[in-house]
There are 2 protein chains.
Amino acid sequence: MIGQEHWGLPGGYVGKDENIDDAAIRILKTRTGAEKVFLEQFKTFGNTGRSEKDLSYLPESIWFRQRFLSVGYYALVDYEQIIPVVDDISTACEWKNVHELPDMMMDHRQIYEAALETMRFQLNYKPIGYNLLPEEFTMPDLQKLYETILGKPLSRGNFQRKMLGYDIFIKHDKERKGGAHRSPILYSFDQVKYQAALKTGLKEAW
Amino acid sequence: MIGQEHWGLPGGYVGKDENIDDAAIRILKTRTGAEKVFLEQFKTFGNTGRSEKDLSYLPESIWFRQRFLSVGYYALVDYEQIIPVVDDISTACEWKNVHELPDMMMDHRQIYEAALETMRFQLNYKPIGYNLLPEEFTMPDLQKLYETILGKPLSRGNFQRKMLGYDIFIKHDKERKGGAHRSPILYSFDQVKYQAALKTGLKEAW
DNA sequence: GGCCCATTGTCTCATTCTGATACAATAATA
DNA sequence: TATTATTGTATCAGAATGAGACAATGGGCC
């Protein structure tokens with residue numbers, strides 16, 4: 001952020017004649033190039049005085065000197081395929097490792113944590129992996145993805161049992177060779193079932 | 001709503017120097033008198049053209065002719081203890097039966113449905129009942145509350161087993177007499193455990 | 001080619017959770 | 001005292017979950 005030593009989460013304005021969901025799609029596309037990925041609103045942040053510091057040296061017209069709301073959205077993308085793009089008010093834009101997050105401006109840390117919490121929670125109800133894994137992947141691949149998001153290890157056997165129980169995969173008749181051990185079976189997502197599961201959810205509640 | 005034949009959900013403006021959570025608390029208090037009840041943000045609505053009708057006969061300054069966002073909050077209150085209060089731009093404000101909901105302005109129907117969905121979902125993770133039931137209540141009372149929210153009947157025995165398993169109640173050594181049948185046992189919420197369950201959630205996820 | 005090792009697929013077992021149902025307890029009433 | 005409606009509680013089968021075992025397999029090594 002120009003004139004600030006702190007990083008911030010990427011964001012942008014909502015156009016006066018733009019739906020907020022469309023704004024999220026547009027901003028994601030502008031800043032990352034990503035399209036048609038999982039993108040969901042999770043929470044709106046609207047505390048006053050969100051910027052603790054004295055910002056009077058900045059022009060009054062700048063957004064974070066006025067009253068504003070941040071409608072939080074999070075997206076799931078494959079970071080290797082994404083090149084972050086700087087915007088007008090920033091000096092840099094890049095990926096950061098979640099285990100080495102720098103200090104962030106205003107309440108962005110809190111926003112990040114709310115997004116993470118929502119995402120972990122959603123993991124129980126919505127399938128993930130499409131767009132995050134290659135077209136063909138193995139169960140250990142998928143498990144690593146879940147473990148990364150949850151930040152903790154999962155039991156192999158039980159993970160596989162649970163996932164396959166969801167019945168959203170297409171099993172291929174081939175394995176991925178490589179490594180001095182048994183080869184894992186390759187799967188793809190069954191798009192029809194995957195999309196259906198996204199809508200109806202993986203679990204019933206009551 | 002003045003000049004409109006349709007009803008709307010109660011709402012209000014956020015002050016320029018007011019946190020949105022505080023605004024929700026204030027508006028709830030103003031319109032219902034309720035304080036210190038369960039009140040939670042669930043979703044933000046920001047489509048353009050949310051009012052389908054031609055509103056050009058109204059002054060441009062009126063809020064729903066301009067661009068606006070609605071940050072949705074829902075509260076749980078005992079409707080017998082609440083008297084809805086009219087605001088400046090409305091002609092009436094009253095309770096409606098959810099099974100006989102009138103047509104609502106703009107996207108308020110959608111907002112209502114999102115709130116209901118969130119609430120039903122949360123039922124699995126957060127205890128409810130405090131402020132909605134009298135200080136002392138029975139398991140059948142609580143079950144009726146759940147059934148009302150979920151809109152479907154639940155099995156008696158299993159409901160009781162599950163609830164008591166949460167261990168958030170204080171069991172009293174008395175029953176509520178009345179009716180030609182066995183008297184149900186009276187319970188209260190254990191405030192410490194109840195509040196703890198509100199924070200940590202009733203279920204673990206992964 | 002035969003042996004070893006790391007990882008994977010799959011099975012089993014015990015525990016817990018859930019849905020369905022049954023039955024005994026109890027208060028009001030006749 | 002018998003009847004009835006509702007409640008408290010137990011039981012049973014099935015599903016879901018956590019922990020662990022074991023066989024299968026591909027590559028490296030000799």
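Throughout, a chain's letter reflects where its sequence line sits, starting with A, and its residues are numbered from 1. Nothing here was measured: the structure is a model prediction, and the numbers come from that model.
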Option among A:M139, A:E135, A:K174 that satisfies the side chain to side chain contact (heavy atoms under 4.5 Å, CB included) test with A:L186: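 Of all the options given, the one that passes is A:K174.
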In whole angstrom, what separates [X]'s [atom1] from [N]'s [atom2]?
{"X": "A:Q143", "N": "C:dT8", "atom1": "CD", "atom2": "P", "value": "8 Å"}
{"X": "A:L142", "N": "C:dG9", "atom1": "CG", "atom2": "P", "value": "12 Å"}
{"X": "B:F169", "N": "D:dG8", "atom1": "CZ", "atom2": "P", "value": "12 Å"}
{"X": "B:Q160", "N": "C:dT21", "atom1": "CD", "atom2": "C1'", "value": "16 Å"}
{"X": "B:D141", "N": "D:dT6", "atom1": "CG", "atom2": "P", "value": "14 Å"}
{"X": "B:L186", "N": "D:dT7", "atom1": "CG", "atom2": "P", "value": "12 Å"}
{"X": "B:L154", "N": "C:dA20", "atom1": "CG", "atom2": "C1'", "value": "14 Å"}
{"X": "A:F159", "N": "C:dT8", "atom1": "CZ", "atom2": "P", "value": "12 Å"}

More than 12 foreign heavy atoms under 6.0 Å from [atom1] of [X]: is that the case here?
{"X": "A:L164", "atom1": "CG", "answer": "yes"}
{"X": "A:I83", "atom1": "CD1", "answer": "no"}
{"X": "B:Q195", "atom1": "CD", "answer": "yes"}
{"X": "A:Q191", "atom1": "CD", "answer": "yes"}

Strictly distance-based, threshold 3.5 Å: is any side-chain N or O of B:R120 a donor or acceptor partner for the main-chain N or O of B:I149?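 Indeed, once roles are kept as given, a pair shorter than 3.5 Å links the two residues.
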Are A:F42 and A:Y73 an aromatic pair by the rule of ring centers under 6.0 Å?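 Between A:Y73 and A:F42, which both carry aromatic rings, the centre distance is not below 6.0 Å.
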Answer yes if the ring centres of B:F137 and B:F189 are under 6.0 angstrom apart, and no otherwise.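 So the answer is yes for these two rings.
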Reckon A:G165 touches a base, only the sugar-phosphate, or nothing at all at heavy-atom distances under 4.0 Å?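 No contact.
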Is the ring pair A:Y74/A:F38 parallel, tilted or perpendicular, if the boundaries are 30 and 60 degrees?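 The arrangement is tilted - the two ring planes meet at 30° to 60°.
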Sort me out a list of protein N/O and nucleotides 21-25 of chain D N/O pairs below 3.5 Å, or just none if empty.
unit_1, atom_1, unit_2, atom_2, d
D:dA24, O4', A:R182, NH1, 3.4
D:dT25, O2, A:R182, N, 2.5

Polar-atom pairs under 3.5 Å, protein N or O versus N or O of nucleotides 11-17 of chain D: list them with distances, or write none.
none

